[in-house]
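The structure under discussion appears below in the form of structure tokens.
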Amino acid sequence: MIVAMQETATEEQIQDVIEHLVRMGFSVHRTTGVRQSVLAAVGARVDFDTRNLEVLSGVEHVHRISAPYKLSGRAFRPEGTIIKFANGLQVGGPEVVVMAGPCSVESRAQLFNVAERVVKAGARVLRGGAFKPRSSPYSFQGLGLEALKLLREAGDRFGLLVISEVMEISQIQMMLPYVDIFQVGARNMQNFNLLRELGKVDKPILLKRGIAATLEELLLSAEYIMAGGNYQVILCERGIRTFETYTRNTLDICAIPIVHKLSHLPMASDPSHGTGIRDKVPPMARASVAAGADVLLIEVHHDPDRALSDGAQSLFPDQFSTLMDELRIIAPAVGRKL
């Protein structure tokens, strides 16, 4: 950490900051220039708040050099993490894994219709909501346990893994027999109690970025899961809230290569939530693969205009099939396969 002192800082103020750093457990190296003094603080401690130093008298700026996250950082596993499943599927390897299905499970007929169509197009994981965190309490909230049973049945029927969103700690045990991957939605990215409990689970976790979260905050949330012993974490860019109102969210595709630089964890992209507009999903999916996404989450519905949730951002099965054909052309150009 670097602490730059103000040009007008007195010797007493500088010594006060040095003593403060020493009490925090740092070794301090002082450089005194013509105009100002700079303090270099060296130590293994990462759980500190730079604001506690910035408020001290005479301090101009504090800059953290080392990342506050360790387990999720690239240095922990420079070769990258590959998550392996019992059926041979790997996430984080050469293959771009596509997870597709309806936003929420509405009925057996709906789910099986969609599952059959997406697996024929090349999807490897069936997505579907059993518990739906909706902005309005009057919107469809999901079928709960019934939906989980249907997801498992459809997954087994069509040879698909199953991913579904967990909203609270009490749902973890209920979901364990039915899902292969737990999804943590944007609203729960900083639900640290939930993340701690998922750290005890021996199943992969797909962690979505919060709508106003920085990438550092996303990696720190992953740290909560990994600190509990579960290193099977997939990060996901699902769009952030900006001043733009044309799309539902702004899909931060730049986050994909940045996370690959900062972290060893696989990176997913959700262009359905990232745009909220059906005809914008395919171009953002194509761009995500080109940017290096390891996973795509795509919402598909056999009759999206009558969907109980998020129909406007759900692809028709034929659109999804066309998109998969396009992705098979793009993936080899960036050293991947589909």
Side-chain angles (χ1 to χ4, degrees), residues 1-81 186 188-196 199 207-231 233 235 237 240-243 250 252-265 267:
M1 173 174 53
I2 300 296
V3 180
M5 303 299 296
Q6 297 173 357
E7 291 184 31
T8 56
T10 65
E11 183 63 26
E12 183 180 357
Q13 290 172 331
I14 295 172
Q15 288 302 320
D16 182 58
V17 174
I18 291 174
E19 291 172 6
H20 194 94
L21 289 167
V22 171
R23 287 196 298 271
M24 292 174 65
F26 291 101
S27 298
V28 182
H29 303 268
R30 176 178 175 177
T31 299
T32 302
V34 176
R35 303 180 61 182
Q36 69 177 151
S37 292
V38 175
L39 308 177
V42 181
R45 182 176 175 182
V46 296
D47 59 333
F48 63 90
D49 190 337
T50 58
R51 292 175 299 177
N52 292 331
L53 294 166
E54 290 170 344
V55 298
L56 297 179
S57 298
V59 174
E60 179 178 320
H61 178 69
V62 180
H63 177 66
R64 181 195 291 268
I65 296 176
S66 60
Y69 45 84
K70 298 302 178 184
L71 297 176
S72 60
R74 171 63 69 173
F76 179 71
R77 192 173 286 171
E79 71 278 10
T81 288
N188 273 322
M189 190 206 81
Q190 291 183 315
N191 183 342
F192 300 127
N193 290 331
L194 175 62
L195 300 182
R196 286 192 185 96
L207 178 63
K208 286 193 170 185
R209 181 184 183 184
I211 60 174
T214 65
L215 295 178
E216 181 175 291
E217 289 167 338
L218 173 63
L219 292 170
L220 284 171
S221 290
E223 197 86 359
Y224 271 88
I225 300 171
M226 300 178 74
N230 187 353
Y231 292 174
V233 179
L235 303 174
E237 167 58 38
I240 54 176
R241 180 168 292 172
T242 67
F243 54 79
T250 298
D252 184 10
I253 293 178
C254 190
I256 298 170
I258 292 175
V259 166
H260 276 311
K261 179 179 180 179
L262 298 177
S263 176
H264 57 88
L265 297 173
M267 186 63 176

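This one's a predicted model, so the numbers in the text were calculated from it and none came from an experiment.
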For the backbone of N191 and the side chain of N188, can you confirm whether one donor and one acceptor N or O come within less than 3.5 Å of each other? no
N193 and L195: side-chain contact (heavy atoms from CB on, under 4.5 Å), yes or no, with the steps? CA-CA 5 Å; N193 290 331; L195 300 182; over 6 Å; no
Inter-residue atom distance I18.CD1 - S37.OG, 0.5 Å rounding: 8.0 Å
Is a side-chain donor or acceptor of Q6 paired with a backbone partner of V59 at a separation under 3.5 angstrom? yes
Between L21 and V3, is any pair of side-chain heavy atoms under 4.5 Å apart? yes
Does the side-chain contact (heavy atoms from CB on, under 4.5 Å) test come out yes or no for V38 and I2, once each step is laid out? CA-CA 7 Å; V38 175; I2 300 296; 3.6 Å; yes
Distance col, row L39:CG vs T32:OG1, nearest 0.5 angstrom, shows 8.0 Å
Between H264 and E79, is the side-chain contact (heavy atoms from CB on, under 4.5 Å) condition met? List the steps. CA-CA 7 Å; H264 57 88; E79 71 278 10; over 6 Å; no
Looking at side-chain heavy atoms only, is the closest gap between I240 and T242 below 4.5 Å? yes
List for me each residue that meets salt bridge (charged side-chain N to carboxylate O under 4.0 Å, His left out) alongside E19, sequence neighbours excluded, and say none if there are none. none
Are more than 12 heavy atoms, taken from residues, nucleotides or ligands other than E11, located less than 6.0 Å from that residue's CD atom? yes
Straight-line distance of Q36 CD to I14 CD1, nearest 0.5 Å: 9.5 Å
What's the spacing between R209 CZ and E237 CD if we round to 0.5 Å? 5.0 Å
Has the side chain of R77 got a donor or acceptor atom that lies under 3.5 Å from a matching backbone atom of T81? no
Let me confirm one number: the CE-CZ distance from M1 to R64, rounded to the nearest 0.5 Å. 8.0 Å
Does E60 reach the side chain of M5, with side-chain heavy atoms less than 4.5 Å apart? no
Can you measure from CG (L56) to CD (Q13) and round to the nearest 0.5 angstrom? 9.5 Å
For the residue pair Y69 and L262, establish whether any side-chain heavy-atom pair is separated by less than 4.5 Å. yes
Please list every donor-acceptor pair under 3.5 Å in which a side-chain atom of residues 214-228 meets a protein atom from a residue at least two apart or in another chain.
{"unit_1": "T214", "atom_1": "OG1", "unit_2": "E217", "atom_2": "N", "d": "3.1"}
{"unit_1": "T214", "atom_1": "OG1", "unit_2": "E217", "atom_2": "OE1", "d": "3.4"}
{"unit_1": "E217", "atom_1": "OE1", "unit_2": "T214", "atom_2": "N", "d": "2.8"}
{"unit_1": "S221", "atom_1": "OG", "unit_2": "M189", "atom_2": "O", "d": "2.8"}
{"unit_1": "S221", "atom_1": "OG", "unit_2": "E217", "atom_2": "O", "d": "3.2"}
{"unit_1": "E223", "atom_1": "OE1", "unit_2": "K70", "atom_2": "N", "d": "3.4"}
{"unit_1": "E223", "atom_1": "OE1", "unit_2": "L71", "atom_2": "N", "d": "3.2"}
{"unit_1": "E223", "atom_1": "OE1", "unit_2": "S72", "atom_2": "N", "d": "3.0"}
{"unit_1": "E223", "atom_1": "OE1", "unit_2": "S72", "atom_2": "OG", "d": "3.0"}
{"unit_1": "E223", "atom_1": "OE2", "unit_2": "K70", "atom_2": "N", "d": "2.8"}
{"unit_1": "E223", "atom_1": "OE2", "unit_2": "L71", "atom_2": "N", "d": "2.7"}

Can you confirm whether more than 12 heavy atoms, excluding those of R30, are under 6.0 Å from its CZ atom? yes
